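I have placed the structure first, in the form of structure tokens, so that the comments after it can refer back to it.
This is a predicted model, so every value here is computed, not measured. When reading the values below, keep in mind they use all heavy atoms of this one structure, side chains included, and skip hydrogens, waters and symmetry mates.
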Amino acid sequence: MSERLYLFTRFERFWHWSQAALIITLLFSGFAIHGSHSLLDFRTAVTLHESAAWLLIGLWVFAIFWHVTTGQWRQYIPTLSNMQRVALYYAHGIFTGAPHPYKVTQERKHNPVQRIAYLGVLLLINPLIWLSGLLYLFWGKLAQHMPEWLNLEQVALVHTFAAFLMLIFLIVHLYLATTGHTPLAYLKAMISGWEERH
């Protein structure tokens with residue numbers, strides 16, 4: 001028997017899919033800038049990268065405002081309760097057909113492992129990308145105010161490192177999105193807002 005739970009609001013779905021499209025665009029154009037592929041010429045890649053970056057920054061600022069004003073920021077407060085059980089489920093139980101040890105509710109949408117992962121993105125990866133990207137973009141105006149030990153190459157390396165962290169998160173996120181009761185169950189929930197629980 002299954003039960004339906006309205007889990008993701010319209011804004012959450014808009015934020016999720018817009019963010020995903022912009023991050024993929026940034027990764028694609030960033031690899032073109034680095035010369036990893038030639039599907040875009042350098043000038044087009046830079047223009048696309050900068051445009052997508054400004055859109056993503058705007059989306060993040062609005063999302064922060066939304067999370068604070070709606071109280072949804074509480075969804076990301078880490079908890080150690082059930083952490084070991086959920087981690088063991090992802091490491092072993094998922095491959096043996098064990099039931100998921102965490103029950104999702106509207107008040108608790110993310111399990112303990114998800115909370116830590118999303119908090120890592122929000123507090124580590126995103127700020128690294130923001131700061132290094134803006135420093136890189138405005139280096140010509142900011143260089144004289146920077147400490148002597150910091151140069152443009154270091155800023156670029158930090159930005160690339162943060163981008164690879166985001167790519168790793170994206171790959172793991174895509175894999176875990178297929179681990180519902182069917183491979184498309186979580187994807188359907190993020191499209192419709194409704195999650196079916198069995």
Side-chain angles (χ1 to χ4, degrees), residues 4-27 29-30 49-83 86-87 90 100-138 142 145 155 158-159 161-177 179-180 185-197:
R4 295 184 82 211
L5 175 68
Y6 188 65
L7 206 55
F8 303 109
T9 65
R10 285 183 183 162
F11 174 76
E12 287 172 301
R13 288 176 279 144
F14 166 78
W15 172 51
H16 178 271
W17 292 114
S18 300
Q19 185 174 219
L22 289 168
I23 287 170
I24 291 168
T25 300
L26 285 162
L27 288 167
S29 57
H49 198 76
E50 289 180 9
S51 300
W54 284 116
L55 287 170
L56 186 57
I57 287 173
L59 182 64
W60 278 341
V61 168
F62 190 75
I64 289 169
F65 172 79
W66 181 84
H67 279 87
V68 169
T69 58
T70 62
Q72 288 297 313
W73 60 272
R74 291 181 186 89
Q75 299 281 355
Y76 303 97
I77 296 174
T79 177
L80 296 178
S81 176
N82 285 330
M83 173 70 81
V86 174
Y90 284 132
H100 201 295
Y102 185 81
K103 185 175 180 179
V104 173
T105 68
Q106 287 181 326
E107 295 76 31
R108 301 176 337 155
K109 296 178 187 182
H110 308 305
N111 69 52
V113 172
Q114 288 174 308
R115 287 177 181 226
I116 293 289
Y118 296 151
L119 198 64
V121 171
L122 295 170
L123 297 182
L124 174 68
I125 299 175
N126 287 356
L128 270 180
I129 288 176
W130 283 11
L131 294 173
S132 60
L134 291 170
L135 264 178
Y136 195 79
L137 184 61
F138 296 111
L142 298 174
H145 305 292
V155 172
V158 169
H159 194 63
F161 173 72
F164 273 102
L165 289 178
M166 184 62 83
L167 178 60
I168 290 166
F169 172 80
L170 180 63
I171 291 167
V172 172
H173 186 70
L174 287 172
Y175 164 68
L176 290 176
T179 62
Y186 292 149
L187 178 66
K188 288 177 182 175
M190 191 47 77
I191 291 172
S192 69
W194 292 90
E195 182 170 301
E196 285 193 20
R197 296 190 303 189

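- Annotation: Y118, atom OH; neighbour count of heavy atoms from other residues, nucleotides and ligands within 6.0 Å is above 12.
- Considering only residues two or more places apart in sequence or on other chains, Q72 meets the side chain to side chain donor-acceptor pair (under 3.5 Å) condition with Q75.
- For Y90 and Y175, the ring centers are positioned 6.0 Å apart or more.
- Looking only at distances, a side-chain donor or acceptor of H67 sits under 3.5 Å from a matching main-chain atom of A63.
- For H110 (side chain) and R115 (main-chain N/O), no donor-acceptor pair under 3.5 Å exists by modelled atom type.
- N82 has its side chain out of reach of N111: every pair of non-hydrogen atoms, C-beta onward, lies at least 4.5 Å apart.
- Counting heavy atoms from C-beta outward, L26 and I129 have side chains that stay 4.5 Å or more apart.
- Judged by distance alone, with hydrogens and angles left aside, the side-chain atoms of R108 form a donor-acceptor pair with the main-chain N or O of K103 at under 3.5 Å.
- Here OG1 of T25 is found 9.5 Å from CG of L55. Values are rounded to the nearest 0.5 Å.
- Nearest heavy-atom pair, P112 versus S81, reported as atom, atom and distance to 0.1 Å: CG-O, 3.1 Å.
- Going from atom CG of L59 over to atom CH2 of W54 covers 14.5 Å, rounded to the nearest 0.5 Å.
- Between the side chain of W60 and the backbone N or O of Q19, no donor-acceptor pair lies under 3.5 Å.
- Atom CG in L131 sits 10.5 Å away from atom CG in N126 (nearest 0.5 Å).
- Two residues are said to be in side-chain contact when any heavy atoms from C-beta on lie closer than 4.5 Å; M190 and L7 fail this criterion.
- Relative ring orientation between H49 and H159 is described as perpendicular, the plane-to-plane angle rising above 60° on a 0-90° scale split at 30° and 60°.
- When the shell of 6.0 Å around CZ of F11 is examined, it contains more than 12 heavy atoms from other residues, nucleotides or ligands.
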*Give the intermediate values and the outcome of side-chain contact (heavy atoms from CB on, under 4.5 Å) for residues Y186 and E195.*
CA-CA 7 Å; Y186 292 149; E195 182 170 301; 4.0 Å; yes
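- In this structure, CD1 in I24 is found 11.5 Å from OG in S29, a value given to the nearest 0.5 Å.
- Partner Y76 forms a side chain to side chain contact (heavy atoms under 4.5 Å, CB included) with one of L119, I116, L123, V121 and no other, that one being L119.
- Atom CD1 in I57 sits 4.5 Å away from atom CG in L134 (nearest 0.5 Å).
- The minimum heavy-atom distance between G180 and A185, with the atom names listed, is CA-CB, 4.5 Å.
- Under a 3.5 Å cut-off, the side chain of T69 and the backbone N or O of W66 do form a donor-acceptor pair.
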*asked:* Show, in sequence, the C-alpha distance, side-chain angles and deciding distance for T70 and T9, and conclude whether the side-chain contact (heavy atoms from CB on, under 4.5 Å) test is met.
replied: CA-CA 12 Å; T70 62; T9 65; over 6 Å; no
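- Sparse packing is recorded around CZ of F14, with 12 or fewer heavy atoms of other residues, nucleotides or ligands lying under 6.0 Å away.
- Across every non-hydrogen atom of I125 and A162, the tightest pair is CG2-O, 3.7 Å.
- Taking the six-membered ring where the residue is Trp, Y102 and H100 present perpendicular rings, their angle passing 60° and hence far from 30°.
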